[in-house]
Amino acid sequence: MKEDRLKVGCEAFLINLPKFEDPRGNLSFVEQLKHIPFKIERTYWIYDVPGGETRGGHAFKEQKEFIIALSGSFDVVVDDGSTKQLFSLNRSYYGLYIPQGIWRQMENFSTNSLALVLSSTHYNANDYIYDYNNFIAHKSNEE
Ligand code: TYD
């Protein structure tokens, strides 16, 4: 990844991870501040999602995250307050970087999908923006 890519902080983008292909099975990995532009403070995962369910549907004031479909597939819809974009995650050797201040929803989970989320912060309930109108107000305060 280019150095300048590590410094941008305004929009979500896909990041390819190293992939060691091997007849014994493939291997990928991610290192903080090298493949992703933040230090990892927390890791969580979402699994056993019933068909048709959605997760997320909120924004973070501070938290940056990197989402990988370790197994199966799902979509992540990101919204910066003016533009919405859908990313389909379906391989374990790339993920979606989402900076702070982005509304995001995860949907269309396949059976047995496993979403791994690497986060730049410890869990903090006060970092969540759950109301879309508050999110838009937050974005206009940022400008
Ligand atoms: P939440 O982030 O609201 O899930 P989603 O956005 O996918 O719907 O988290 C669901 C619950 O889990 C909420 O009560 C807080 C708790 N939680 C933690 O305690 N620690 C964590 O790291 C996360 C991500 C959630």
Side-chain angles (χ1 to χ4, degrees), residues 1-21 25-143:
M1 178 198 297
K2 282 187 184 164
E3 185 68 16
D4 58 349
R5 260 314 218 178
L6 292 174
K7 288 179 186 153
V8 295
C10 53
E11 56 183 34
F13 55 87
L14 294 172
I15 297 176
N16 281 314
L17 298 171
K19 181 184 183 192
F20 283 85
E21 293 193 36
N26 300 335
L27 182 152
S28 288
F29 61 95
V30 54
E31 293 183 13
Q32 60 185 1
L33 300 173
K34 184 170 178 186
H35 305 111
I36 56 172
F38 61 83
K39 197 168 176 296
I40 300 163
E41 291 289 350
R42 179 170 48 113
T43 302
Y44 64 93
W45 45 99
I46 297 170
Y47 53 96
D48 290 348
V49 179
E53 283 295 343
T54 62
R55 300 291 314 220
H58 51 66
F60 296 109
K61 291 177 233 171
E62 297 296 333
Q63 180 188 304
K64 303 172 177 65
E65 58 189 1
F66 184 63
I67 305 176
I68 309 170
L70 277 190
S71 179
S73 63
F74 52 86
D75 297 334
V76 185
V77 180
V78 294
D79 176 350
D80 65 4
S82 55
T83 309
K84 272 191 190 178
Q85 203 174 348
L86 184 148
F87 292 91
S88 289
L89 302 185
N90 53 22
R91 291 285 185 272
S92 55
Y93 53 81
Y94 69 85
L96 179 65
Y97 168 66
I98 307 179
Q100 69 277 26
I102 299 284
W103 188 270
R104 62 100 164 136
Q105 178 158 303
M106 299 164 74
E107 58 192 37
N108 198 23
F109 287 88
S110 70
T111 304
N112 288 331
S113 56
L114 171 58
L116 181 73
V117 185
L118 309 180
S119 164
S120 67
T121 66
H122 288 188
Y123 176 71
N124 174 9
N126 295 326
D127 194 43
Y128 284 67
I129 306 175
Y130 280 114
D131 181 274
Y132 191 78
N133 291 330
N134 289 347
F135 166 65
I136 296 299
H138 174 79
K139 294 303 281 182
S140 37
N141 286 341
E142 270 183 348
E143 286 163 8

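Every number for a ligand or one of its atoms is a count from 1 in the order of the listing.
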**Request:** Record the part of H58 in heavy-atom contact with ligand 1 below 4.0 Å; permitted values are side chain, backbone, both and neither.
**Result:**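 For H58, only side-chain atoms sit under 4.0 Å from ligand 1.
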**Item:** Under-4.0 Å heavy-atom contact with ligand 1, by part of F60 that carries it
**Value:**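 Neither part.
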Closer than 4.0 Å and a protein heavy atom, does any atom meet both conditions relative to [atom]?
atom: atom 18 (C) of ligand 1; result: yes
atom: atom 6 (O) of ligand 1; result: yes
atom: atom 1 (P) of ligand 1; result: yes

**Item:** Per-atom contacts of ligand 1 with Y44, taking only distances under 4.0 Å to non-hydrogen atoms
**Value:** 24 (C)
**Request:** Any chance you could lay out the salt bridge (Lys or Arg N to Asp or Glu O under 4.0 Å) test for K19 and E21, step after step, and finish with the verdict?
**Result:** CA-CA 6 Å; K19 181 184 183 192; E21 293 193 36; 3.6 Å; yes
**Asked** How long is the gap from OG on S120 to CG on D127, to the nearest 0.5 Å?
**Response**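 Rounded to the nearest 0.5 Å, the OG-CG separation comes out at 8.0 Å.
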**Request:** Return the option from Q105, R55, H122 holding the heavy atom at the smallest distance from atom 8 (O) of ligand 1.
**Result:** R55
**Option set M106, R42, Q63, criterion heavy-atom distance to atom 22 (O) of ligand 1, minimum** = R42
**Prompt:** Do F66 and Y97 have ring centres separated by under 6.0 Å?
**Reply:**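 No - the distance between ring centres of F66 and Y97 does not fall below the 6.0 Å cut-off.
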**Request:** Around atom 3 (O) of ligand 1, find the nearest protein heavy atom and jot down its residue, atom name and distance.
**Result:** Y130 OH, 3.4 Å
**Message:** Starting from atom 15 (C) of ligand 1, what is the nearest protein heavy atom, named by residue and atom, and what distance separates them?
**Reply:** Y123 OH, 3.1 Å
**Prompt:** Do the rings of F29 and F20 sit parallel, tilted or perpendicular, given the 30° and 60° boundaries?
**Reply:**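 Rings of F29 and F20: parallel, under 30°.
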Side chain of [X], backbone of [Y]: donor and acceptor closer than 3.5 Å?
X: R42; Y: T121; result: yes
X: S110; Y: S73; result: yes
X: S28; Y: P18; result: yes

**Asked** Taking N or O atoms only and a 3.5 Å limit, does I46 qualify as a polar contact for ligand 1?
**Response**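 Among all N and O atoms of I46, none is under 3.5 Å from an N or O of ligand 1.
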**Request:** Using distance alone, with no hydrogens and no angle criterion, decide if D80 and S82 have a side-chain donor and acceptor under 3.5 Å apart.
**Result:**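 The criterion, which ignores hydrogens and geometry beyond distance, is satisfied for S82 and D80.
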